[in-house]
Each structure stands twice: as C-alpha cells, then as structure tokens.
Chemist: 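One structure is given below, represented as structure tokens, and several questions about it will come after.
One is the number of the first residue; the rest follow in order along the sequence. Counting convention: from 1, in listed order, for ligands and their atoms alike.
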Amino acid sequence: MKGKKYILSKAFSGQANDDNFQLVEFDLPDELKEGEVLCQAVYLSVDPYMRLFPNTEGSPVIGEQLAEVIKTRNGEFPLATLVLTKAGWQSHFISNGEGLNPIRFDLGATPISYTLGALGMPGATAYFGLKKCDPKPNEIICVSAAAGAVGSLVGQLAKIQGLTVIGFVGSEDKLNWCKELGFDHVFNYKSSNFGEALSQVAPNGVDIYFDNVGGDYYHTIINKHMRKGGRVLVCGSIQTYQDKDTRKYDATNVSVLMNELSIYGFMCYSYYEQWPIAFTEMNKLIQEGRLKVKEQVYTGFENMKEAFLGLFKGDNVGKAVVKTVNSFTHYP
Ligand SMILES: NC(=O)C1=CN([C@@H]2O[C@H](COP(=O)(O)OP(=O)(O)OC[C@H]3O[C@@H](n4cnc5c(N)ncnc54)[C@H](OP(=O)(O)O)[C@@H]3O)[C@@H](O)[C@H]2O)C=CC1
Ligand SMILES: CCCCCC(=O)/C=C/[C@@H]1[C@@H](C/C=C\CCCC(=O)O)[C@@H](O)C[C@H]1O
C-alpha cells in the first residue's frame, strides 16, 4: 500500500505558489508492529501559519488533520477511532499512538469536520482570544478577516456578548454573509478605505481591535482608531506573511504609549487544557442556531495546494478544509 504526502520542494519566498510543493508517494509496510496504528486522513486543515513554518526546502508540510484508524495493533486505538493529530499533509501515516488526540468533548450531531474549525484550533483562537480582550457589553470591537475561520466566530461571539461589531472583509459575498451573521457594520476593504469607514461608524474609536491581518490595519488602527484604554489582540498578520522585506512604521509605539493601550500577543495552544470547555459552550450555541459556521470544503488530497493558496487570495468563506476521498469509512 502507498501513502501520499507533500514536501516543500522550494522554500517560500514572497508569494507562495504551486512550485513550492511536491506531492510524493511513499510505501506503507504490509504489517504493523505491536503498539502501532495505521491512520488515514479524513479531513485536513489548511491554515495561514503553514506559510511561515518550517520553510526549509525538502521538509514535510506541517498541519493538523482528523484521521481514522484503519489498521491497529494498539488497544488504546481500536479500528475506526477518529483522532486529531499534527501529522502534516499526508494521506496516511503510521503512529505508535503518541500525539493522537481523541475528540475531547461531546460533538453530538455536529459535523466532524468542525473539529478542525469552529470546534478546533480556530474556534479556540476566537473564543480565548476574545476573552483575553476582556470584552464588555456596549463596547465596540473591530475584527479583520471577519469572514474567515477565526474572524467569523469572533464577531458572532462578540455580538452574543452585547458588543457592537465592525468587520472588514475582501468581497461582497463575505460582506453579505457577515451582515447575515448580525455584524453591525461590515466593509469591503477592497472597495472602500478601511480608515475612513472606521471613522464614519466609530468616530470616537473602538475599544477592541482583534487583529487577524497586521500590516496596514494594525498600524492605522492603533495610531488613529483606538479609544483610551483600548485593547489590541495580535492574533495574526496574514497581510505580511508573504513579505520579503520587513515593513517600517515609526509611530506605533508612541500611540501605544500615549493612549495607554494594552497589546496582547496570543497563542491559542496556551489554553489547550481549557479547549473542551469552550467547545462544549460553542457546540451548544451551534446546535441552538446561535453560532453559524461555514466551511469551504475542497475535495481530494490533490487539492491541498489549491485550498492553502486560496487563503492568501481570500477564496475561503469560513474555515477551509480538505476532505479526502476514498476514506475507509464515509463520514458526512
Ligand atoms: N495566534 C493564534 O493562535 C492563531 C492565529 N491565527 C491567525 O489568525 C488569522 C486568521 O486565520 P484563519 O481564520 O485561519 O484564516 P481565514 O479563514 O481568515 O483565511 C485567511 C483570510 O485572510 C484574508 N487575507 C488574506 N490575505 C490578506 C491580505 N493581504 N490583507 C487582508 N486580508 C487578507 C482573506 O480574507 P478576505 O477575503 O476578507 O481578505 C482570507 O480569506 C491569520 O492571520 C492566522 O495566522 C489563526 C489561528 C491561531
Ligand atoms: C508570526 C507568526 C504568526 C502566526 C500566527 C498563527 O497563525 C499562529 C498559529 C499557531 C500555529 C503555529 C504556531 C507555531 C508554529 C509551530 C511550528 C511547528 O513546527 O509546529 C499552531 O500552533 C496553531 C496556532 O496556535
């Protein structure tokens, strides 16, 4: 039997493209050793951070997947067990059980793919990132990449908590969806100036900026659109991930200082032990129809590249995942 995996055929430099990836086949052994399992990817996640790490020619592409145990000699992982694991972009892999994580909360009737999205790493990012901003009812929050995996949840959770939500997105479809989700103001940054738009709807500034994009947004919002005592969460900087040279902005630190802003760095895995609490709460909201989830599902392992590169072109609405075909068991 053969498995497939992607390696970085060329280190990223500037904009990622097809040439950075090579799909290779590898042999899987006929027999497992005692304690081993053979897993097959069912859904794979593509996420912006994959553009940054490890970026060494020849290295495997990293990432999380939901996999099914299709052969086992390990009593802890019976046949058909579903596991979340950072096995990278591979269709199959052998494991001794280390790093295979069962789903740690009751999923109920919610689709299993959500464990890579709203009830997975991006969901935890939205939930704990927002919490770190200490949101209060009637405050104003601004979120960038607002129709994405993280941003769409941040906006909805903030609405549930009584905040006014301003979102920035890159297309009219995304704008309409965010309005459907109940965001108060949504702007397409490709057809409007985000600074002017913010000044119109929040002339006195915003209390929270949940930054998924970095670059121009981060500096302009910190320098011109934060209220005194405001909080900025540095969640991600997708606008700069593909830069070749570092950008220079002089005024930012002075603005931070003068306005006594709190700027938080944030890594969702720091809250890993508490994720099941968040997912139980969010799954209840999903099942009640109060938290809406969209996925951009690409079908077939050969479409990993397209799904990943699409993140940087704004192709995805909601969470981008890849469903592999010919799974041992067919999941919805
Ligand atoms: N700190 C942490 O622990 C974590 C951080 N993150 C970060 O959160 C951010 C969002 O991630 P995630 O929700 O998974 O991804 P998304 O689902 O939001 O997908 C990426 C989106 O970013 C937008 N985008 C891409 N390029 C640009 C650009 N140059 N300028 C402005 N917007 C752009 C696009 O939306 P549009 O069409 O609207 O432009 C695109 O759809 C990323 O920066 C990521 O690195 C994610 C997970 C954990
Ligand atoms: C400048 C980096 C910003 C990245 C923001 C982001 O998307 C973070 C996501 C993390 C992600 C990757 C974190 C570290 C890389 C580790 C590389 C490795 O070899 O494993 C992952 O941990 C989930 C998010 O917390």
Chemist: For atom 23 (C) of ligand 2, grab the closest protein heavy atom and report residue, atom and distance to one decimal in Å.
Modeler: Tyr269 CE1, 3.3 Å
Chemist: Could you check, using the six-membered ring where one of them is a Trp, whether Phe12 and Phe53 have ring centers closer than 6.0 angstrom?
Modeler: no
Chemist: Considering only heavy atoms, does Lys313 approach ligand 1 within less than 4.0 Å through its side chain, its backbone, both, or neither?
Modeler: neither
Chemist: Applying a strict 4.0 Å limit to heavy atoms, is Cys268 in contact with ligand 2?
Modeler: yes
Chemist: Could you tell me whether Phe194 and Tyr217 have their ring centroids closer than 6.0 angstrom?
Modeler: yes
Chemist: Just checking Phe266 against Phe210, ring centres under 6.0 Å apart?
Modeler: no
Chemist: Name the closest protein heavy atom to atom 14 (C) of ligand 2, giving the residue it belongs to and the distance to 0.1 Å.
Modeler: Phe53 CE1, 3.8 Å
Chemist: Which residue and non-hydrogen atom of the protein lie closest to atom 7 (O) of ligand 2, and at what distance in Å?
Modeler: Tyr49 CB, 3.6 Å
Chemist: Using a strict 4.0 Å cut-off to heavy atoms of Asn316, name the atoms of ligand 1 that fall inside it.
Modeler: 16 (P), 17 (O), 19 (O), 40 (C), 41 (O)
Chemist: Between Lys86 and Tyr49, is NZ or CZ placed under 6.0 angstrom from the six-membered ring centre and within 45° of the ring axis?
Modeler: no
Chemist: With nothing but distance in play, are any N or O atoms of Gly236 less than 3.5 Å from an N or O of ligand 1?
Modeler: no
Chemist: Taking side chain as C-beta onward, heavy atoms only, is Leu175 less than 4.5 Å from Asp173?
Modeler: no
Chemist: If you count the atoms of ligand 1 from 1 in the order shown, which ones are under 4.0 Å from a heavy atom of Ser237?
Modeler: 43 (O)
Chemist: Heavy-atom distances under 4.0 Å are what count here, so tell me which part of Pro122 touches ligand 1: side chain, backbone, both or neither.
Modeler: neither
Chemist: Could you list which atoms of ligand 2 come closer than 4.0 Å to a heavy atom of Tyr241?
Modeler: 3 (C), 4 (C), 5 (C), 7 (O)
Chemist: Pick one of side chain, backbone, both or neither for how Lys174 approaches ligand 1, counting any non-hydrogen atom pair under 4.0 Å.
Modeler: side chain
Chemist: Among Arg227, Lys228, Arg231, which residue satisfies the side chain to side chain donor-acceptor pair (under 3.5 Å) criterion with Asp207?
Modeler: Arg227
Chemist: Name the closest protein heavy atom to atom 2 (C) of ligand 2, giving the residue it belongs to and the distance to 0.1 Å.
Modeler: Leu52 CD1, 3.5 Å
Chemist: Show which atoms of ligand 2 fall inside a sub-4.0 Å distance from at least one heavy-atom site of Cys235.
Modeler: 5 (C)
Chemist: Is the gap between the ring centers of Tyr209 and Tyr218 under 6.0 Å?
Modeler: no
Chemist: Less than 4.5 Å apart, side chain to side chain, heavy atoms only: is that true for Pro102 and Thr81?
Modeler: no
Chemist: Which of these, Gln287, Glu281, Glu288, sits in a side chain to side chain donor-acceptor pair (under 3.5 Å) with Lys284?
Modeler: Glu288
Chemist: Which atoms of ligand 1 are found less than 4.0 Å from any heavy atom of Leu311?
Modeler: 19 (O), 20 (C), 21 (C), 25 (C), 34 (C), 40 (C), 41 (O)
Chemist: Where's the contact between Val213 and ligand 1, heavy-atom distance under 4.0 Å: side chain, backbone, both or neither?
Modeler: side chain
Chemist: Can you tell me which residue and heavy atom of the protein come closest to atom 10 (C) of ligand 2, and the distance to 0.1 Å?
Modeler: Met267 CE, 4.0 Å
Chemist: Is Tyr269 touching ligand 1 with its side chain, its backbone, both, or neither, if touching means heavy atoms under 4.0 Å apart?
Modeler: neither
Chemist: Looking only at protein heavy atoms, identify the closest one to atom 19 (O) of ligand 2 and say how far it is in Å.
Modeler: Ile62 CD1, 4.4 Å
Chemist: In Å, rounded to the nearest 0.5 Å, how long is the span from CD of Gln156 to CD of Gln161?
Modeler: 12.0 Å
